[in-house]
Amino acid sequence: MSTSTAPIDAGFFARDTRDVARDLIGVTLRRGDVAGVIVETEAYRDDPASHWVTRPRTARCMGETFARLYVYRIYGVHLCLNVTTERGRPGAVLIRALAPADGLDVMRARRPGRRDRELAGGPARLVVALGLDASWNGRRFDDGLVWTTPRAKPSVARGPHIGISRATELPWRFMDVASPHVSRGGAPRRARPQAARGSA
DNA sequence: TGGCCGATATGCT
DNA sequence: GCATATCGGCCAA
């Protein structure tokens, strides 16, 4: 069965980062035979937690490009996948979780001994599940990856950033309310997610 | 040049 | 729930 149709074009990313992060929920991300539905994202622009501020050299692409992959290493071992956004302003969207949709056997081979929910439910996990590495940094978003919009938009909730120590009050984390594949057990505890129609 | 910290994941208490 | 692995980038000296 096909749950996705139209491919995303580069102009999709040349918009307000929060709108891009919200609209990426439900999008299918495919690399070869492996695919997953994006169920959780985070938006970063020029807030104090953004790499545009904390790692200006490596995150230079946030300000100079849109629709390019930004892959960085964290805590020595893990890689995270972002896509740069906005024309003429710094911005990037962190892909935080996928719901596995195709190529489950390949994902299991890449992450042996993991439950299906843990295959791609986390920023570093989905990088492993898709078989990406640091060499993907700087590529065009569609160089080796296919992004397709959902036939029907899922219900999107918003909540605060997680995993960071600054600017945690910004409600720039977006997630599919119906998906059990979001990281950190789903809805945030301290601030309950709210409807995310319209950016703020 | 040294030291500190991080947009994480995992294992142990 | 909390400590820790592990390393590149960044800032202070």
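In what follows, chains are A, B, ... by sequence order, proteins preceding strands, each numbered from 1.
To the nearest 0.5 angstrom, A:T41 atom OG1 is 13.0 Å from A:R18 atom CZ.
Annotation: cation-pi pair A:R68/A:Y70 absent, no NZ/CZ under 6.0 Å from the ring centroid and within 45° of its normal.
Taking atom CG of residue A:L170 and atom P of nucleotide B:dA7, one finds them 14 Å apart after rounding to whole Å. Taking atom CD1 of A:I74 as the reference point, atom C1' of C:dT4 lies 15 Å away to the nearest angstrom. Atom pair A:L94:CG and B:dT8:C1' shows a separation of 11 Å (rounding to whole Å applied).
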Next on the checklist: I'd like to compare against my own output: the B/S/- annotation of nucleotides 8-13 of chain C with a strict under-4.0 Å heavy-atom distance to protein.
Outcome noted: -SS---

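When distances are taken from the side chain of A:Y75 to each of B:dA7, B:dT8, B:dG11, the shortest belongs to B:dT8. The A:Y44 side chain lies nearest to B:dA7 when the options are B:dT10, B:dA9, B:dA7.
Contacts of A:A49 with the nucleic acid, taken as non-hydrogen atoms under 4.0 Å apart, include base atoms. In this structure, A:R111 reaches the sugar-phosphate backbone alone: every heavy-atom distance under 4.0 Å involves primed, P, OP1 or OP2 atoms, never a base.
In summary, A:R108 and A:D105 do not engage in a salt bridge, as defined by a charged side-chain N under 4.0 Å from a carboxylate O.
Without hydrogens or angle criteria, A:W147 side chain to A:F141 main chain gives a donor-acceptor distance under 3.5 Å.
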